[in-house]
Amino acid sequence: KRFGSDVGPMIDMLDEAKFVAPSCARPIRRIGIHYFRISRGGVQRVMLHVAATLRTLGYEVVLLLEEPPDVTAFEMPDGLRFVLVPRSLGGKATPARERMAGMAAILREEKVDLFYTHAYASPMLVWDLLACKRILRIPTVIHYHAAFTAPMHYRIALQAFALQDKILRMADRVIALSELDAAYFRTRGAVAHALPNPMPEACVQALDAPLRDGRDNEILWCGRDSWEKHPEDAKGIFTLVKKEVKNVRLVMLTGKDTDPYSSFRRASMFLNTSETEGFSMVSLEALAHGVPIVSKNVNEGVFSRSISLI
């Protein structure tokens, strides 16, 4: 009530008063993995891979989602449960105090020993961490999928970006996608470790493929139909190319294809029109299949900043 939406001074006060209690030293048996949803996206793919890996290591895992999963997006591992938590985004977003109390109640009911969130830019991240650290006293992990995607932060999560330093120090551990990202987080006071994104098995099998020579004249675009991906730019670019190359084709994959890698195998060029990327898994997939990339300058992405762009 005192601080309202300005949570920065509140975090400072809690930190000075040692209000954010240390985690209890108890065995970790069940891990709650949180994200907004399961749909067709890179973060969701990594989240399910992490969940499967943790289960292989002997931990129990429960997914904490804010909406029912899209069962057509990814194949859910057998026996992996999910529970719905109060929403943090959109018109049905839960007020902060109700979110904190609701998240704490669900974590307690599910007997979660560690809270692992992939929602690093969530407007409710502060309250989720407080629920864990103050109410339940369980350890927390933030899996940060993009250290330098400032354009996205400034548009959809300005508060989370502005409070990044304070939030990072509240977590017990921060997972970064590269050593560079982890080093950056350490300069901000976080206990950070690098964990590279997993490569899809189809990409591993295609790694030795030579670069295509363009004989198919097929331009491939792949991504969600969302503002930061700019599919309209791909269509505009194709219109210009079509004036010069009459038999060229544009193939746009939006996540509903059952065999997307067949399109990668046919393509002679991959077109990336994203304004920002946390990693650019699709660029990795394109190169693994020997497809040259034409891209906007998205050099804040962990993988996209390591490749040469035309």
Side-chain angles (χ1 to χ4, degrees), residues 7 20 23-24 26-146 156-157 160 167-168 170-175 195 197-198 278:
V7 297
V20 180
S23 305
C24 291
R26 72 189 194 198
I28 296 175
R29 297 185 177 90
R30 180 171 295 178
I31 299 174
I33 299 182
H34 167 251
Y35 193 58
F36 306 113
R37 66 190 68 85
I38 290 182
S39 57
R40 302 178 187 274
V43 172
Q44 292 94 316
R45 181 190 298 178
V46 173
M47 176 179 69
L48 291 177
H49 182 88
V50 169
T53 301
L54 290 172
R55 295 176 74 196
T56 300
L57 294 173
Y59 296 101
E60 299 176 20
V61 174
V62 58
L63 298 182
L64 309 168
L65 306 176
E66 299 184 15
E67 57 188 69
D70 178 0
V71 296
T72 67
F74 296 107
E75 183 177 351
M76 293 283 286
D78 291 338
L80 182 60
R81 295 191 307 111
F82 75 90
V83 296
L84 296 179
V85 299
R87 294 176 64 97
S88 63
L89 299 174
K92 297 181 180 179
T94 307
R97 285 185 296 159
E98 293 180 21
R99 163 74 176 219
M100 182 172 67
M103 179 67 82
I106 291 171
L107 295 176
R108 182 182 290 114
E109 180 179 349
E110 290 293 326
K111 299 180 180 178
V112 169
D113 302 306
L114 183 145
F115 178 74
Y116 189 133
T117 182
H118 292 262
Y120 58 89
S122 168
M124 293 294 178
L125 182 55
V126 170
W127 305 101
D128 292 344
L129 294 178
L130 283 175
C132 296
K133 305 292 288 183
R134 179 58 185 172
I135 300 176
L136 303 175
R137 296 186 64 192
I138 62 174
T140 57
V141 175
I142 302 175
H143 197 131
Y144 219 99
H145 288 261
I156 66 172
I167 292 173
L168 290 172
M170 290 177 68
D172 291 272
R173 293 292 186 273
V174 173
I175 302 299
L195 180 65
N197 264 351

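Bear in mind the structure is a predicted one, so any value in this text is a computation, not a measurement. For the single chain, residues carry numbers from 1 onward in sequence order.
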[X] and [Y]: which non-hydrogen atoms are nearest, and at how many Å?
X	Y	answer
R37	M47	O-CE, 4.2 Å
F36	A119	CZ-CB, 3.7 Å
A171	V174	CB-CG2, 4.5 Å
M100	A131	O-CB, 3.5 Å

After noting the C-alpha distance and the side-chain angles of V50 and V61, does the key distance pass the side-chain contact (heavy atoms from CB on, under 4.5 Å) rule? CA-CA 10 Å; V50 169; V61 174; over 6 Å; no
Can you check side-chain contact (heavy atoms from CB on, under 4.5 Å) on D113 and E60, steps first, answer last? CA-CA 10 Å; D113 302 306; E60 299 176 20; over 6 Å; no
For Y116, ring pair (Phe, Tyr, Trp, His ring centres under 6.0 Å) partners two or more places apart: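 By the ring pair (Phe, Tyr, Trp, His ring centres under 6.0 Å) rule, Y116 matches H118, H143.
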Do V126 and I167 pass the side-chain contact (heavy atoms from CB on, under 4.5 Å) test, and can you show the C-alpha distance, the side-chain angles, and the key distance before you say yes or no? CA-CA 6 Å; V126 170; I167 292 173; 3.7 Å; yes
Sub-3.5 Å donor-acceptor pair from the side chain of R99 to the main-chain atoms of P86, do we have one?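 Side chain of R99 to backbone of P86: a pair is present.
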Would you say the side-chain atoms of D172 pair up with the backbone N or O of T140, donor to acceptor, closer than 3.5 Å?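 Flag set: sc D172 to bb T140 pair under 3.5 Å.
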Quick one: side-chain hydrogen bond (donor to acceptor under 3.5 Å, both in side chains) pairs with a partner in residues 47-59, sequence neighbours left out?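 Residue pairs passing side-chain hydrogen bond (donor to acceptor under 3.5 Å, both in side chains), neighbours aside: none found.
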What's the spacing between [X] [atom1] and [Y] [atom2] if we round to 0.5 Å?
X	Y	atom1	atom2	result
F115	H34	CZ	NE2	5.5 Å
L129	I142	CG	CD1	5.0 Å
R108	I138	CZ	CD1	10.0 Å
L136	L107	CG	CG	6.0 Å
I33	L65	CD1	CG	10.0 Å
L63	L48	CG	CG	6.5 Å

Run Q44 and Y35 through side-chain contact (heavy atoms from CB on, under 4.5 Å) and show every step you take. CA-CA 8 Å; Q44 292 94 316; Y35 193 58; 3.8 Å; yes
Contact list for residues 117-126, test salt bridge (charged side-chain N to carboxylate O under 4.0 Å, His left out), sequence neighbours left out: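 Non-adjacent pairs meeting salt bridge (charged side-chain N to carboxylate O under 4.0 Å, His left out): zero.
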Restricting to salt bridge (Lys or Arg N to Asp or Glu O under 4.0 Å), what partner residues turn up for E98, sequence neighbours left out?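 Counting only residues at least two positions away or on another chain, E98 forms no salt bridge (Lys or Arg N to Asp or Glu O under 4.0 Å).
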Set of side-chain contact (heavy atoms from CB on, under 4.5 Å) partners for E110, sequence neighbours left out: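 E110 satisfies side-chain contact (heavy atoms from CB on, under 4.5 Å) with R30, V62, R81, V83, I106, V112 only.
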